[in-house]
Amino acid sequence: MDMEALSSFISIVEEGGMTKAASVLHISQSAMSSSIGKLEKELGAALFDRGGKGLQLTMEGEFFLTWAKRLVSAIDEGKRSVQEAITKKGIVKIGTFAENDGIYYLVSAFCKKYPQITVYLYDRKSIWADFLSSDLDFFVLPKNECRGLPSVNVARRKNLYVLMGSGHRLAKRALIQLKDLQEERFVFTASADGKMDSMYTYCVEHGFEPRVSFLCEGVESLLDIILQTGAVTLVYNTFRQFRQRMDGLSAVPLDGSSRENTEIVLAWRDGNDTNPLADIFKDFAVNYMEREYRR
Amino acid sequence: MDTREMEVFLKVADYHSLTKVADELGMTQPAVSAIIKRIEEFAGTPLFIRRGRRFMLNQAGDSFYCTAAAICVNVNHIKESFAVGYSNSRELIITMKIHSDWLLRKLDEFTAEHSDIGVTIRPSDDENRRSRQPWISDFSVMFKYDIQGMENIPIDAQDTLYVILPIGHHFAGREYIYLDELQEENFVFSWGGSHTGYDSSYSACLNAGFLPKISLVTDSAKGKYACIQNGCGIGLVYNNEMAVPSRLHDCSLVPIRNVLDRRTICIAWQSGKLSETGRVFLDFMQK
């Protein structure tokens, strides 16, 4: 069924005749007549009463008129939805595989600017071995793990801090040595597959066996445990912004950890992708980080 | 733009391939490709992305799929109507996302008063993309919280929950019952649109403090009742759809105390897009 024929049909009824309708729609009368004829043939019924004066609708024509209006309205609505789909409405998915609270600032700024776009932020450092086959649009991870994907720098890991409750005996120190932590109870995160976070490895590599009292799977529990027990942990400097806006936590630099120097990047898949909003986020992120670095 | 071209688009979207569609329809691949191009011009934007040999819908394509599917389904409906000679000129179309006994009784009065208007009841959308037709009906019956910017009037409320018990069940003679007394039972649920996946009575169980044991889930109310009658388990039903369960043989309905949900049921329509029969119905409803 030809959609233009529907518009012609509606126009003929509204304008009261084919001549006027054809001129309103800028098509020839013969073209219009032939498309109505095709429509009637397709439906197997006459839509107009051709005997007598003027153009009268048959009963079938009345029935079809309501439908024609509904269909034309549906097409208009459909075109509008398509436009909406390609502009600023929908979902962007970001997975973070490296601790960096700068991402919250980037995402918040983005959400403020584009409130109709919903961001799904997956903050759990779960098994990401094959993030490329996930449906995430963006990944936050250390540059050396991003397998050559296009990316923009978002943070730099420079050194470690010992994170503890602000009532802890070491909380007022200016600097801490690993050996000062011999008697401390530690909390570390471990991923679902049992892989310990790299902080534990760091300790071991530097000849220090931490006493692990708590293991949690995910950053939420980590903060709770530190606030409510005497346990401590190690975090990168990239955790700075969040903890500075919170009471009850203290972070003291760990001596000797400043040889750390890794970029954390926001990476994305190259090439044509299903999500047009990803480009919007990407451009925003690039501009945002440029302004950040200029500060 | 012809519906035949839209059908081709839908097939390409379903099969992810131009060649498969060309083979099935006995067309050449370039012919199918030309149709896709015309559809994309009509929609005003690319609708597919290529992943190697596969054609995947992008976000705009996903949206246009619903439109194309709705148009095609309705055009087939129109042709069917003409083929069987049914062309009642005045048709009122209502999508029942939520069942309302009260509305059906009202429609009975309405059709008695307006004998030239025929009412078509459409079921709610299901998971099948092809039957998603959000706008080709005059009215939708839905929960008030689901209405997004449409004009609406409240018509009914879902506020009492009943349990359907097979006769002989030890609770069958009760005047009323508390939901948590049923926690050891096996339940029969229907699929529903809520975030739990089941109909909203499932959440009522969660709120009462237990996770119901489920023996059967079905997508038809009839199936649910039939299985309950056959001893498959017990079921829950709200006051807005009691017409069938209250008439079941070998079942008794016991009201549940203390279920505090109350959801308003409304009839909703797109403002400015009401058909003539729609207006007549609204006037009737507002009396």
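Letters A, B, ... mirror the listed sequences (proteins, then strands); counts begin at 1. Model, not experiment: these values are computed from the prediction.
- Within 6.0 Å of the NZ atom in A:Lys282, the count of heavy atoms belonging to other residues, nucleotides or ligands exceeds 12.
- Under a 4.0 Å N-O distance rule, the pair A:Asp137/A:Arg269 does not qualify as a salt bridge.
- A:Arg80 is linked by a side-chain contact (heavy atoms from CB on, under 4.5 Å) to A:Glu77, A:Glu84, counting only residues two or more places apart in sequence or in another chain.
- Every residue meeting the side-chain contact (heavy atoms from CB on, under 4.5 Å) condition with B:Arg4, not counting sequence neighbours, appears here in chain and number order: B:Asp2.
- For a heavy-atom cut-off of 4.5 Å, chain B lies close to no residue in residues 5-41 of chain A.
- In terms of modelled atom types and a separation under 3.5 Å, the side chain of B:Glu40 and the main chain of B:Leu47 share a donor-acceptor contact.
- Under the rule for a ring pair (Phe, Tyr, Trp, His ring centres under 6.0 Å), the partners of A:Phe110 that lie at least two apart in sequence or sit in another chain are A:Tyr114, A:Phe281, A:Phe284.
- The residue among B:Met6, B:Lys79, B:Glu276 with the most heavy atom pairs within less than 4.5 Å of chain A is B:Lys79.
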